[in-house]
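First listed ligand is number 1; within each ligand, the first listed atom is number 1.
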Amino acid sequence: MRGKEESMKLLHIIATPRGKKSRTLKVSDTLLERVTKELPGAQVETLELFSADLPELNVQRVEGKYTLMSGGTLQGEVQKQVDAVQAVGKKFLEADMYLISTPMWNFGIPYKLKHYIDLIVQPGITFQYGKNGPEGLVKGKRMVVVTSRGGDYSSGPMKDFDQVGPYLKTVFGFIGIKDLVFIDAQPMDAAGEEGRNKAIAAAQEAVSKLPLGQPAQV
Ligand SMILES: Cc1cc2nc3c(=O)[nH]c(=O)nc-3n(C[C@H](O)[C@H](O)[C@H](O)COP(=O)(O)O)c2cc1C
């Protein structure tokens, strides 16, 4: 067990372009510090979505997805084009654990994260059609999603405006990730610097209590 944890691969997917200024990353850094300390053999790979060269979903790649979803096979140029998309999904699958760092943008996720999700949710890679309909293929992996929002959407009338948590839970659940924990830092802008610092500290405290290592087998 321990051997596996020590060689764990963590993929950190960063969906903010703000680098050192990012509030979200201040919270994620607390988790990464714990990984370094508690799982010394763990390998951390970082994917900066705002500087990554992600393939576009052009017409051939989209048509390829329809062909695969209807049980067909790909050939020639379409296969070549789809290979570039599938490579992103296969790379995603190499990780044992995921950390997503994302702010809220216009009540949802930044477009670069949506682009990445549209690339990795592919038939035969992260899901397939079985007897009972679609079935996720990403099994036995843990995901931590660190978010930050300018306002506070945790309760009250603003709760229904939040399209970050519900969407990510749905889409990653669809591909099989059930062990998914959210750490939300909020409000980052609406309550001034004091409110922001307090919310970041609370989120860091929540991170310090998260279980690391083997995911729950769900
Ligand atoms: C393009 C853009 C859209 C945003 N939309 C929202 C929003 O809809 N609701 C909200 O509460 N905050 C919104 N914010 C504020 C960010 O969610 C907030 O400042 C967050 O802490 C930024 O995280 P970061 O520092 O890690 O990039 C937006 C910020 C930007 C740049």
| Taking everything shown except Glu193 itself, do over 12 heavy atoms lie less than 6.0 Å from its CD? | no
| said: So for atom CZ, which belongs to Phe161, do other residues, nucleotides or ligands contribute more than 12 heavy atoms lying within a distance under 6.0 Å? | reply: no
| query | What distance do His115 atom NE2 and Glu56 atom CD have between them, rounded to the nearest 0.5 Å? | reply | 4.5 Å
| In terms of ring plane angle, is the pair Tyr111 and Trp105 parallel, tilted or perpendicular, where the classes change at 30° and 60°? | tilted
[X], portion touching ligand 1 at heavy-atom distance under 4.0 Å:
X	answer
Arg23	both
Thr16	side chain
Met188	side chain

| query | Is there side-chain contact between Leu168 and Ile117, with at least one heavy-atom pair below 4.5 Å? | reply | yes
| Note, Leu113 side chain near Tyr167 side chain (heavy atom, < 4.5 Å) | no
| query | With a cut-off of 4.0 Å, which atoms of ligand 1 are near a heavy atom of Thr24? | reply | 23 (O), 24 (P), 26 (O)
| task | Carefully, step by step, assess Lys209 and Glu205 under the rule salt bridge (Lys or Arg N to Asp or Glu O under 4.0 Å). | result | CA-CA 7 Å; Lys209 294 186 177 138; Glu205 171 70 15; 3.1 Å; yes
[X] N/O to ligand 1 N/O under 3.5 Å:
X	value
Met104	yes
Arg149	no
Gly150	yes

| Ion pair check, Asp118 and Lys65, cut-off under 4.0 Å | no
| Would you say the ring centroid of Phe127 lies under 6.0 angstrom from that of Phe174? | yes
| request: Answer with yes or no whether Tyr153 contacts ligand 1, where contact means a heavy atom under 4.0 Å from a ligand atom. | output: yes
Students should be able to answer this: which protein heavy-atom is nearest to [atom], and at what distance?
atom	value
atom 19 (O) of ligand 1	Asp189 OD2, 2.7 Å
atom 5 (N) of ligand 1	Asn106 N, 2.8 Å
atom 31 (C) of ligand 1	Trp105 NE1, 3.5 Å
atom 21 (O) of ligand 1	Ser148 OG, 2.7 Å
atom 8 (O) of ligand 1	Phe107 N, 2.9 Å

| request: Could you check which of Gly151, Ala15, Ala190, Pro17 puts a non-hydrogen atom nearest to atom 11 (O) of ligand 1? | output: Gly151
